[in-house]
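Below, chain A is the first sequence line, B the second, and so on; all start at residue 1.
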Amino acid sequence: MSEEKSLNFIEEIVEADLAAGKHQSIVTRFPPEPNGYLHIGHAKSICLNFGLAQKYGGKTNLRFDDTNPVTEETEYVESIKNDVKWLGFNWAEELYASNYFDQIHGFAVRLIEMGLAYVDDSSSEEIAAQKGTPTQAGTPNIYRSRTAAENLQLFEDMRLGKFADGEKVLRAKIDLASSNMLMRDPIIYRIKHAHHHRTGNKWCIYPMYDFAHGQSDAIENITHSVCTLEFIPHRELYNWFIEKLSIFPSKQYEFARLNMTYTVMSKRKLLQLVQENHVTGWDDPRMSTISGMRRRGYPAAAIREFCDRIGIAKRDNLIDISLLEFCVREDLNKTAVRRMVVFDPLKVIITNYTGEGEILHSENNPEDPNGGTREVPFSKEIFVERDDFMEEPSKKYFRLAPGQMVRLKSAYIIKCDNFVKDANGNITELHCSYIPESKSGSDTSGINVKGTLHWVSAAHAIPAEVRLYDRLFNVEDVAAAEGDFKDYINTDSLTVVPHAYAEPALLQDSMGVGFQFLRKGYFCADKDSTPTKLVFNRTVGLKDTWAKEVKKGA
RNA sequence: UGCCUGAUAGUAUAAUGGUAGUACGACUGUUUUUGGUGCAGUUUGUCUUGGUUCGAAUCCAGGUCGGGCAACCA
């Protein structure tokens with residue numbers, strides 16, 4: 001078990017800091033804004049932040065970055081907590097930036113007293129214009145030279161609600177000529193007469209991200225504040241506030257956010273999909289949200305493994321979603337319980353089978369020697385998959401065809417003797433004969449067949465609905481595609497099989513587990529499933545080299 | 001056009017001046033009562049031009065290309 005895994009650049013920084021005695025132990029944080037559901041990109045950040053603390057014996061706080069009351073809701077807070085827990089992580093403390101509003105307000109006052117912040121009466125457009133452009137310095141306005149006393153009074157009046165939204169803002173007084181636009185006197189407090197999901201109506205002024213995040217990090221003694229690349233320009237500001245306020249010097253480090261093929265990874269776009277009913281909700285199994293993946297049947301361990309495999313670096317990336325699917329299959333192959341379900345039934349009559357029927361046994365999981373077996377009823381009439389028969393088979397087709405033999409999984413070898421067509425030329429029935437000596441487990445027939453089919457006994461079959469999912473978008477790089485991302489939605493991303501036939505064992509199974517429907521893929525019971533109406537989601541298909549072969553031939 | 005960032009097989013990610021490796025993918029073969037799984041193997045790479053050096057993916061300089069920055073969002 002002593003596999004040496006190389007460190008990512010953040011782990012290297014942490015190890016160097018620890019080795020240098022800069023910190024006794026580390027503190028990280030996962031800081032979502034509660035304005036939407038978490039997605040797989042957040043999972044990467046969660047695994048990184050919690051993983052760092054786990055690996056180096058530190059702790060991780062869950063901190064809600066709730067500084068914008070108009071977009072944030074308790075529903076989101078709850079879903080985020082649920083998702084982090086489900087992913088398998090425990091936070092040291094559940095914290096909120098809003099817990100620190102008093103302290104942050106105090107920081108602002110201190111800045112004003114030091115002459116490093118001022119109240120600006122300009123409109124948002126005026127401020128934008130006065131900021132200049134990246135190649136042109138900004139210009140100061142008359143408010144910039146207000147005295148500390150005047151600013152103190154004005155800021156207090158802002159807090160007391162004497163002004164309307166947008167009438168005034170508090171700005172840090174830094175450098176209007178900085179090449180970093182964020183240093184050109186950034187707004188640090190704005191007026192919002194809005195109800196906050198935690199502080200209610202106590203405040204009508206709220207700190208901006210830049211005046212809340214680093215401050216919260218400092219208050220919590222966060223040693224390594226890890227965020228994504230787009231915050232690189234914020235680092236200069238982050239450090240400026242820490243220096244001027246003489247608070248705990250948290251350090252910000254940035255890594256590249258996760259992008260994945262055939263999907264979107266922004267809360268704004270995900271919200272749009274939900275609101276405009278392109279999906280059924282945040283937990284629609286096609287969504288890249290944690291809750292969607294959970295509902296679809298992705299194991300938490302598979303998501304963690306995926307996050308581990310993609311690594312941490314600073315280069316922009318577009319990860320192939322098939323890597324995630326690989327991780328899901330890898331996990332489920334070891335754990336999923338095998339069952340047989342026929343999606344598109346074709347009746348097979350075993351003409352020489354004279355018995356009443358019998359109970360056969362089949363292993364629950366060939367990968368797990370301790371997995372046990374379940375009972376599978378067999379009888380004269382069974383269903384097989386319609387595409388497991390071809391009237392005129394191609395040369396490498398190992399399934400049923402006139403005169404061709406296959407094994408029925410865990411049962412007998414059968415031979416197709418005849419088939420019946422209706423008036424329209426559709427095949428309605430297969431007539432086969434079975435080889436009595438070929439019974440699974442006690443086969444003395446000496447016959448070797450190339451194909452093995454899944455099947456269900458017609459008399460014992462139970463109905464089930466099966467939902468098949470495909471990628472939500474039909475272009476690889478959705479974010480880079482021209483125009484509206486919604487133009488690329490795959491309208492065939494959901495296929496419902498309303499009347500599949502399942503083997504009866506499935507009725508007794510506990511529904512929290514992952515299933516493999518033999519030769520069909522991995523499935524899980526959907527939350528819509530009831531004892532009288534089973535509903536399953538296809539988590540991911542099996543690797544299908546035959547389909548690939550067929551495609552090549554076509 | 002200014003500033004900030006980055007560039008290693010198809011996709012990711014290592015090698016931290018000394019043999020370019022790993023995973024996924026693709027392709028072979030093999031095993032298999034899942035055309036699944038497993039096993040074995042093959043394949044493909046240092047953006048570019050110079051420089052430093054015995055030796056450069058790594059250090060330096062120029063170029064090229066990608067991403068970000070001018071929200072009272074985070």
Determine, for A/Asp185 against A/Arg144, whether the closest basic-nitrogen to carboxylate-oxygen distance falls under 4.0 angstrom.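 Looking at A/Arg144 together with A/Asp185, the answer is yes, because their closest N to O distance falls below 4.0 Å.
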Nearest whole Å is fine: how far is [N] [atom2] from [X] [atom1]?
{"X": "A/Ile310", "N": "B/U13", "atom1": "CD1", "atom2": "C1'", "answer": "10 Å"}
{"X": "A/Asn317", "N": "B/A14", "atom1": "CG", "atom2": "P", "answer": "11 Å"}
{"X": "A/Gln252", "N": "B/C4", "atom1": "CD", "atom2": "C1'", "answer": "13 Å"}
{"X": "A/Leu318", "N": "B/U11", "atom1": "CG", "atom2": "P", "answer": "9 Å"}
{"X": "A/Phe9", "N": "B/A7", "atom1": "CZ", "atom2": "P", "answer": "11 Å"}
{"X": "A/Tyr253", "N": "B/U5", "atom1": "OH", "atom2": "P", "answer": "15 Å"}

Paired stretches of RNA chain B - 3 or more consecutive Watson-Crick or G-U pairs, each distance under 3.5 Å: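 When the pairs of RNA chain B are grouped into runs of at least three, the stems are B:2-7 with B:64-69, B:10-13 with B:21-24, B:26-30 with B:38-42, B:47-51 with B:59-63.
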Mind listing the closest non-hydrogen atom pair of A/Arg184 and A/Arg171 along with its distance?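 That would be O-NH1, 3.6 Å.
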May I ask you to check whether A/Ser225 and A/Arg29 show a side-chain donor-acceptor distance below 3.5 Å?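 There is such a pair (donor and acceptor under 3.5 Å, judged by atom type) between the side chains of A/Ser225 and A/Arg29.
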With a 6.0 Å cut-off on ring centres, are [X] and [Y] close enough?
{"X": "A/Phe155", "Y": "A/His105", "value": "yes"}
{"X": "A/Phe306", "Y": "A/Phe326", "value": "no"}
{"X": "A/Tyr209", "Y": "A/Phe231", "value": "yes"}
{"X": "A/Phe9", "Y": "A/Tyr253", "value": "no"}
{"X": "A/Phe211", "Y": "A/Phe241", "value": "yes"}

Would you mind telling me which of A/Tyr501, A/Phe523, A/Phe383 makes a ring-ring contact (aromatic ring centres under 6.0 Å, His included) with A/Phe343?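 Considering A/Tyr501, A/Phe523, A/Phe383, a ring-ring contact (aromatic ring centres under 6.0 Å, His included) with A/Phe343 is found only for A/Phe523.
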Per-nucleotide protein contact string for nucleotides 65-74 of chain B (B base, S sugar-phosphate only, - none; heavy atom under 4.0 Å): -BS-SBSBSB
Please encode protein proximity along nucleotides 23-36 of chain B as a string of B, S and -, counting only heavy-atom distances under 4.0 Å. SS-SSS----BBBB
With sequence neighbours excluded, residues passing side chain to side chain donor-acceptor pair (under 3.5 Å) with A/Glu367: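 With sequence neighbours excluded, A/Glu367 shows a side chain to side chain donor-acceptor pair (under 3.5 Å) to no residue whatsoever.
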Applying side chain to side chain donor-acceptor pair (under 3.5 Å), name anything that partners A/Ser445, two or more places apart in sequence or on another chain.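 Here the qualifying residues are A/Asp443.
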Counting only heavy atoms and a strict 4.0 angstrom limit, can you tell me which residues of residues 258-268 of chain A come near RNA chain B?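 Contacting residues: none.
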